[in-house]
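Report on the structure given below.
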Amino acid sequence: MKQILIRITTVPISLDKLLEGQLSFMKEHYDVLAVSSGQEHLDKVGEKEGVATYCIEMSRKITPLKDLKAVWEHYRLFRKHRPFIVHTHTPKAGIVGMLAAWLAGVPNRLHTVAGLPLLEARGMKRTLLNVVEKATYACATQVYPNSKGLKQIILDAGLCGENKLKVIGNGSSNGINTTYFDPTQFPEEQRSTVREELGIREEDFVFLFIGRLVSDKGINELVKAFERLNREYKNSKLVLVGPLEPDLDPLAEDTLHRIKENGDILSVGYQKDVRPYLLIADLLVFPSYREGFPNVVMQAGAMGVPAIVTDINGCNEIIIDEKNGMIIPVKDTDAIYQKMKMFIADPVLVKQQSAMARDLILSRYEQKRVWNALLEEYKSLEKTVQHVQASWEAGN
């Protein structure tokens, strides 16, 4: 009989996109139950992954009464199913799930950290987020930062003791499907077709950003840097792939105006499949302020696209400076401009770094490598239980 594994995220899109394929892989070894809010989307995830689901409403915002209700509902679920492992992702699911699992006596309470929103918070909000993060880690038996840099940040901030912290494999929560993100999957003429549809000429140099269009992704700095470059290089284009989120972390009004008025900046909104945009890109520019382990940078690399990234955890592990991209300081408009100029002025540099990009992803972050590393971690927990039980029986 298989042990029960419960995986929890705040919203189902995290199960669907950030952990895509992983639940299906794990069901070969465990009886998997996926828990999240949003019944309709969650049901679709369950069908797609072939696992059971259970809906508990959770909010990404601070909602004390709703959060307490969610803790109670998780507690009841755990007491009913008696899981061997509860594994949470995302901040709200982390505190709710780990607290409930601790109260219910779940033996293995695991939490993956894929980014720390508190890094950009100030004042009382920062204090509150610190408390929540510490409480999450205190309730967990093991904490998995998904990058080495993030592990160090957690240690430096005094959020958790080193004995609980471990980076699985080379980092990343789910790795990258290098069969899906493979430029050879596309016919040669598709690159020209996509460019033509967007009004991009063959001789144009395409800078690409993929992600939410919000301030802490560095979009304000990126747009300013591009406009400066665009005045010098008329064959430059900036393609922005991702949704605006005006409620959470809005862009500056000046940035929104520049995006709207500059014909060489193409904002195409959220795209379910980003591969066509990676196919036409010469360079990814990802000047984020904070990340866990960004899938976008791995996706670009798998498609043979080098990247300019900021010197933050995750990004500075995927990119090896001057090998498969360039690393720049955070919030530095001039540095973005200088590196963009370096690439557009040197086709040989682009070609050299493109050639290395895919191989470095294949060797370190191919999806099955990440899944098997996590499975090995789960299995080690089973061995520990067996060892403890054997020792107890021998002593009695």
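Here the structure is a predicted model, which is why all the values come from computation and not from measurement.
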Donor-acceptor side-chain pairing of H111 and T136 below 3.5 angstrom: no
Would R195 and D204 pass as an ion pair if we require N to O under 4.0 Å? no
Rounded to the nearest 0.5 Å, what separation is found between the OG atom of S36 and the CD1 atom of I56? 9.5 Å
Does N146 form a side chain to side chain donor-acceptor pair (under 3.5 Å) with S172? I'd like the steps, not just the answer. CA-CA 5 Å; N146 71 348; S172 174; 5.9 Å; no
More than 12 heavy atoms from other groups under 6.0 Å of NZ on K148: no
In terms of ring plane angle, is the pair F25 and H29 parallel, tilted or perpendicular, where the classes change at 30° and 60°? tilted
Sorted by first residue and then second, give each salt bridge (Lys or Arg N to Asp or Glu O under 4.0 Å) pair with at least one member in residues 343-355; sequence neighbours left out. none
Shared ILVMFWY cluster between Y75 and V132, side chains joined below 4.5 angstrom? yes
Using the side chain to side chain donor-acceptor pair (under 3.5 Å) definition, which of the options T9, N108, T112 pairs with H87? T112
For K379, does the NZ atom sit with more than 12 other heavy atoms under 6.0 Å from it, leaving out its own atoms? yes
For residues 78-105, which residue pairs qualify under salt bridge (Lys or Arg N to Asp or Glu O under 4.0 Å), counting only residues two or more places apart or in two chains? D67-K92
Hey, is NZ on K2 packed in by over 12 heavy atoms from elsewhere, all under 6.0 Å? yes
Roughly how far, to the nearest 0.5 Å, is the SG atom of C315 from the CD1 atom of I308? 12.0 Å
Which pairs, with at least one residue in residues 191-232 and sequence neighbours excluded, count as a ring pair (Phe, Tyr, Trp, His ring centres under 6.0 Å)? F205-F207, F209-F286
Residues in side-chain contact (heavy atoms from CB on, under 4.5 Å) contact with D273, at least two apart in sequence or another chain: Y180, R275, P276
Might you confirm whether atom CD of E196 has over 12 heavy atoms from other residues, nucleotides or ligands at distances under 6.0 Å? no
Salt bridge (Lys or Arg N to Asp or Glu O under 4.0 Å) pairs touching residues 99-112, sequence neighbours excluded, are none
side-chain contact (heavy atoms from CB on, under 4.5 Å) partners for I13, two or more places apart: V11, K17, H41
Taking only residues two or more places apart in sequence or in another chain, which ones pass ring-ring contact (aromatic ring centres under 6.0 Å, His included) with Y30? Y378
How long is the gap from CD1 on I312 to CZ on R290, to the nearest 0.5 Å? 9.0 Å
Mind checking what makes side-chain contact (heavy atoms from CB on, under 4.5 Å) contact with Q142, not counting sequence neighbours? L110, Y144, K166, E377
If you count the non-hydrogen atoms of other residues, nucleotides and ligands that lie under 6.0 Å from NZ in K27, is the total more than 12? yes
State yes or no: do V285 and I327 share one hydrophobic cluster built from I, L, V, M, F, W and Y residues joined by side-chain heavy-atom distances below 4.5 Å, directly or via other members? yes
Under 4.0 Å between a side-chain nitrogen and a carboxylate oxygen: does that hold for K383 and E376? no
Identify whether the distance between the nearest side-chain nitrogen and carboxylate oxygen of R258 and E227 falls below 4.0 Å. yes
Which residues pass the ring-ring contact (aromatic ring centres under 6.0 Å, His included) test with Y54, sequence neighbours left out? none
Would a hydrophobic clustering, with Ile, Leu, Val, Met, Phe, Trp and Tyr connected at side-chain separations under 4.5 Å, put L374 with L15? yes
Can you pull the salt bridge (Lys or Arg N to Asp or Glu O under 4.0 Å) pairs that have at least one residue in residues 172-184, sequence neighbours excluded? D182-R358
With sequence neighbours left out, the residues meeting side-chain contact (heavy atoms from CB on, under 4.5 Å) with E261 are H257
Listed by chain and number, what are the salt bridge (charged side-chain N to carboxylate O under 4.0 Å, His left out) partners of E203, not counting sequence neighbours? R201
With hydrophobic residues grouped by side-chain heavy-atom distances under 4.5 Å, do I319 and M356 end up in a single group? no
Using side chain to side chain donor-acceptor pair (under 3.5 Å), reason through Y337 and E221 one step at a time and then give a plain yes or no. CA-CA 9 Å; Y337 160 76; E221 294 86 352; over 6 Å; no
